[in-house]
Amino acid sequence: MNNNINLPYFQHIDTTLGLKYLNGNKKLYLKILNNFLDRYKNLRIEELNSEELKDTIHTIKGLSSTLGMVSLSSLAKIIHNTYNREKLFEFSKSLALVIDELQTELKDNKRETILIIDDISDDIDILINFLGDKHDIIVALDEID
């Protein structure tokens with residue numbers, strides 16, 4: 001399943017563990033990693049009130065565990081279970097490392113969308129076969145479609 005997708009190497013993320021939880025679905029794994037990045041790249045932990053902090057830590061604990069972010073998950077678990085606010089600085093640093101790594105490694109993995117406008121099905125098939133693995137393809141048979 002999705003074995004033709006190459007995952008980047010991560011220093012702070014165990015992709016093997018993450019893929020285990022997602023039954024080897026690399027496409028879904030990358031989608032969740034990108035969603036994690038989009039959701040938490042601008043997070044300012046110090047600006048959260050107690051309830052927001054509790055909810056955010058709980059969510060990150062689950063997501064980071066599922067994605068194989070072992071160190072981040074462990075820190076989130078400690079903070080969530082013991083309300084250990086002293087670990088927040090360490091957690092913030094760990095989250096920043098993961099976010100930086102995701103931004104660096106996933107920027108090249110964003111799929112571009114290509115619109116193919118052609119009324120010859122053989123040409124469309126050739127282009128889809130050639131481009132479809134690395135790009136999202138939209139097909140129209142004419143300029144009106």
Any side-chain to backbone donor/acceptor pair from Tyr29 onto Gly24? Under 3.5 Å, distance only.
no
Less than 4.5 Å apart, any side-chain heavy atom of Leu141 and any of Ile124?
yes
Atom NZ of Lys31 and atom CG of Asn25: how far apart are they, to the nearest 0.5 Å?
10.0 Å
Closest non-hydrogen atom pair between Tyr21 and Thr66, with its separation:
CD1-O, 3.4 Å
Measure the shortest side-chain to side-chain distance between Thr59 and Arg39 over non-hydrogen atoms and say whether it is less than 4.5 angstrom.
yes
What closest approach, in Å, do Lys61 and Lys77 show between heavy atoms, and which atom pair accounts for it?
CD-CA, 3.6 Å
Given the rule in the side-chain contact (heavy atoms from CB on, under 4.5 Å) test, do Leu102 and Met69 qualify, once you have shown the distances and angles that lead to the verdict?
CA-CA 11 Å; Leu102 287 173; Met69 301 171 182; 4.2 Å; yes
Please report the interatomic distance CG(Leu33) to CG(Leu37), rounded to the nearest 0.5 Å.
9.0 Å
Does the side chain of Leu63 reach to within under 4.5 Å of the side chain of Asn35, using non-hydrogen atoms?
no
Mark yes or no for whether Asn49, through its side chain, and Glu51, through its backbone, hold a donor-acceptor pair below 3.5 Å.
yes
Only distances under 3.5 Å count here; give the side-chain donor-acceptor pairs of residues 8-20 to other protein atoms, sequence neighbours excluded, each with its distance to 0.1 Å.
unit_1 : atom_1 : unit_2 : atom_2 : d
His12  : ND1    : Glu101 : OE1    : 3.3
Asp14  : OD1    : Thr16  : N      : 3.1
Asp14  : OD1    : Leu17  : N      : 3.2

Atom pair CG (Leu30) and CG (Leu22), whose distance is rounded to the nearest 0.5 Å:
10.5 Å
Check side-chain hydrogen bond (donor to acceptor under 3.5 Å, both in side chains) between Lys87 and all other residues, then give those that pass, not counting sequence neighbours.
Glu90
Starting at CD of Gln103, measure out to CG of Asn34 and round the result to the nearest 0.5 Å.
11.0 Å
Applying side chain to side chain contact (heavy atoms under 4.5 Å, CB included), can you list everything that pairs with Leu127, at least two apart in sequence or on another chain?
Ile116, Leu131
Looking at CG of Asp55 and CD1 of Ile60, how far apart are the two atoms once the value is rounded to the nearest 0.5 Å?
11.0 Å
Return the set of residues passing side chain to side chain contact (heavy atoms under 4.5 Å, CB included) with Asp123 (not counting sequence neighbours), or none when no residue passes.
Asp118, Ile120
Taking salt bridge (charged side-chain N to carboxylate O under 4.0 Å, His left out) as the definition, give me every residue that meets it alongside Glu52, ordered by chain and number, with sequence neighbours left out.
none
Please answer: with hydrophobic residues joined when any side-chain heavy atoms are less than 4.5 Å apart, are Ile32 and Tyr40 in the same cluster?
yes
Take Ile45 and Thr56 through the side-chain contact (heavy atoms from CB on, under 4.5 Å) test and state the conclusion after the steps.
CA-CA 9 Å; Ile45 289 181; Thr56 300; 5.8 Å; no
Should Leu72 and Leu67 count as side-chain neighbours, where that means a heavy-atom distance under 4.5 Å?
no
Sequence neighbours excluded and cut-off under 3.5 Å, please list the side-chain donor-acceptor pairs for residues 91-99, or say none.
unit_1 : atom_1 : unit_2 : atom_2 : d
Ser92  : OG     : Leu88  : O      : 3.0

